[in-house]
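Right, one structure below, let's go through it.
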Amino acid sequence: MTPEPHVPQPRAAPDDGVLAARPEPIRGGAPKVTDFVRLKLRILRNTMRGKKSRVWLFVLGIIFGLWAAFVGVSMFAASSLTDDNLRPTLAAFAGTGLVLAWILVPLLFFGVDETLDPARFALLPVPRRTLALGMLGAAFVGIPPVVTLLAALGATVGAVFDGGVAAGAVAVLGAALGLAVCVAASRAVTSAFAGMLRSRKVRDLAALLIALAGISCNPVFQLIFALVENGESKQATTIGGVLSWTPLAAPFVAYVDAIEGDWALVAARLAIGVAGVAALLWWWLQTIESAMLGTASTGAAKKVKAIDKLPVRAFLPGVLRSWPAGRFTGLVAREIRYWFRDPRRRASLISLLAASIVVPFAFTFGFGGGSDEQEAARQSAGMSGGALVFSLLFAGAFVGLVLVNQFGNDGTAYALHMLTNVPGQVELAARAAGVGILAFPLLAAGTVVVSVIAGHTDQLPAALGVGLCAFGISVGAAGITSVLAPYPMPDTTNPFAMNTGQGSAKSMLSFVCMLATWALTAPLIVAFFLLPDAFAWVLLPVGLLWGSGLAWTGTRLAGSLLERRAPEVLVAVTPKRA
């Protein structure tokens, strides 16, 4: 046999240690804004995979969003088809209301979508400008932006009908630019307040400022009512004219100038909208770094003194030191301290403040203001006479809704309660008692002040009865939903953060609990209108008993469910790390 030719083998490269050649790194290019949008879509798709409950909640969110879009389209279309003198004012108020809703609603109730948490990019080489633009682009993915855009596009009906295709194109451009103002304003404001609420020194000031902003919206609603009812209002026209030259309303009013053929004003108003978006992005760039790093100021530690030679009671808040010592009292004390110390719960305190003070003011004076003729019309419709009672119906329901995902705020810390075998009913009752101790003084004080200022002191007992009943029912409903449909809160330092899928879930759960509360409190509202004025005070004890009974029933049922589903609840509220 012929031997095979010898093939020289390549010599192994010597091991040069740290001097050895390294493989070329994979170069994917600089991050782009579209990368954030694609990442948002992929995360949204992955959250739905294998989770039928989340899919159903997302579908319900779409259905509710379509209903909200239909209402918004109807309102914007009606304002665009009205008289030429009223059209610019109504367009200015509609656009301003839309922007203010994007600013205030995340702060007061539902939180802001933080599927792409800025803190996750803190250690990555992503330029701050690219990060802000990418986060802004990703914020346009979701149900609320689509609903807002569809609602604003309702103005194209009147624009095309009176101004032709060109005016319709301006209305479409104004709607898109207005949506950009809404999203940028929401992100900038929540980012700024997130940093404020991490500082315990300024949390009360932040809550007060937001509450005052909510109260300031009430005169705007009164002007809108007067404008619609009377067909003219000098105050509304003046304020609408001022708003139309601000980023809040300028993009939404541009189509009115297009209908009139004044294209110079069209360009000016659109430019104001672009400048507003640029200014908001600049503001967001200044605060997004602190949101990424989670910086916060801390105060000096306070010395705890023993009280009555009982050191344990020194750790209880003053309002609980007369309560009998036990597991329930300890849990209530924990809840009260967490409401003041946890940044996410401090953000929810704004909801309590708004529900207790802003809602009664807005409802009472919104229904009760105006001329004598308008007041007489409201009295004939039965609205002004029950304004305070209706306001407490909404306020009591809103206060209880802060418990709709009460285990999500604890996250993995709930495992300690499982290990110590805390009974489910005691757990839920303590959480409800903690919220009640914080909310009842605010709710009572706000109701008394509003009743005195509005001259409705005769409604005070009935209003308090309805408010306490609504709170008890909402607590029971929220306890059940928090056990059956818990979800994790995002692992972020932003107290307003809310993941996309979970944000839709929270909105739907809150909406369902609110509807259940209104339905079960409806008998008291009917009784208020049927009973003579001399017997309206009966609603106070009846509402207290009815609300307490349903709160006990809901808490007992939710407690039994919690004892059987505690491991599932813990798994559901544990944040999923990417």
Side-chain angles (χ1 to χ4, degrees), residues 319-320 323 326-329 331-336 339 345 348 351-352 355-356 359 389 391-409 417 422-444 447 461-486 509-525 527-528 538-565 569:
V319 70
L320 300 180
W323 290 27
R327 184 158 42 188
F328 177 78
T329 303
L331 288 173
V332 176
R334 167 194 176 273
E335 285 297 305
I336 294 177
W339 276 105
R345 297 204 191 192
S348 297
S351 300
L352 297 180
S356 304
V359 172
V389 177
S391 69
L392 265 293
L393 171 63
F394 282 85
F398 282 147
V399 170
L401 291 182
V402 299
L403 298 174
V404 75
N405 187 37
Q406 48 194 306
F407 298 101
N409 291 323
H417 294 222
V422 177
Q425 188 173 356
V426 175
E427 175 87 37
L428 295 172
R431 293 171 182 265
V435 174
I437 290 174
L438 296 175
F440 282 161
L442 290 174
L443 196 62
T447 305
L464 287 176
V466 170
L468 294 175
C469 178
F471 172 74
I473 295 173
S474 64
V475 164
I480 295 175
T481 57
S482 65
V483 175
L484 292 179
L509 291 176
S510 300
F511 185 69
V512 170
C513 289
M514 193 179 301
L515 287 180
T517 300
W518 292 345
L520 294 175
T521 316
L524 293 182
I525 302 297
F528 171 77
V538 177
L539 294 181
L540 178 57
V542 172
L544 183 59
L545 292 175
W546 179 242
S548 300
L550 290 180
W552 181 85
T553 303
T555 301
R556 187 172 183 83
L557 176 59
S560 301
L561 292 173
L562 180 61
E563 291 177 357
R564 297 195 300 267
R565 286 179 45 85
V569 171

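Below, all heavy atoms of this structure are taken into account, side chains as well, without hydrogens, waters or symmetry copies. In this chain, numbering begins with 1 at the start of the sequence shown. Bear in mind that the values here come from a model prediction, so they are computed numbers and not experimental data.
- Atom-to-atom distance recorded for Leu540:CG and Leu545:CG is 9.5 Å, nearest 0.5 angstrom.
- Residues Val475 and Gly400 approach most closely at CG2-CA, 4.4 Å, considering heavy atoms.
- Taken to the nearest 0.5 Å, the CG atom of Leu468 stands 6.0 Å off from the CG atom of Leu544.
- The shortest distance between side-chain heavy atoms of Phe407 and Val483 falls below 4.5 Å.
- The two residues Pro486 and Leu484 make their nearest non-hydrogen contact at CD-C, 3.4 Å.
- Separation of atoms CG (Leu331) and CD1 (Ile336) is listed at 11.5 Å; rounding is to 0.5 Å.
- For the pair Val435 and Trp339, the minimum side-chain heavy-atom distance is below 4.5 Å.
- In this structure, Gly436 and Pro441 approach most closely via the heavy-atom pair O-CD, 4.1 Å.
- Rounding to the nearest 0.5 Å places CZ of Arg327 at 11.0 Å from NE2 of His417.
- Within a 6.0 Å radius of CZ in Arg565, more than 12 heavy atoms belonging to other residues, nucleotides or ligands are found.
- Residues passing the side-chain contact (heavy atoms from CB on, under 4.5 Å) test with Ala485 are Leu509, sequence neighbours excluded.
- Side-chain contact between Val512 and Thr481: absent, with no pair of heavy atoms (C-beta onward) separated by less than 4.5 Å.
- The minimum heavy-atom distance linking Gly543 with Cys469 is given by the pair O-CB, 3.3 Å.
- A distance-only check finds a donor-acceptor pair linking the side chain of Glu563 to the backbone of Gly424 [under 3.5 Å].
- Ring geometry for Trp323 against Phe328 counts as parallel: the plane angle stays under 30°, on a 0 to 90° scale with 60° as the upper cut.
- Looking at Gln406 and Ser482, their side chains do bring a donor and an acceptor atom within 3.5 Å of each other.
- The distance from atom CH2 of Trp518 to atom CD1 of Ile473, rounded to the nearest 0.5 Å, is 13.0 Å.
- When all heavy atoms are compared, the tightest approach of Gly472 to Ala551 is O-CB, 3.2 Å.
- The nearest pair of heavy atoms linking Ala433 to Val332 is CB-CG2, 4.0 Å.
- Here the CG atom belonging to Leu539 is positioned 8.5 Å from the CD1 atom belonging to Ile525, to the nearest 0.5 angstrom.
- In this structure, Thr517 and Phe471 have side chains that are not in contact, with every pair of non-hydrogen atoms separated by 4.5 Å or more.
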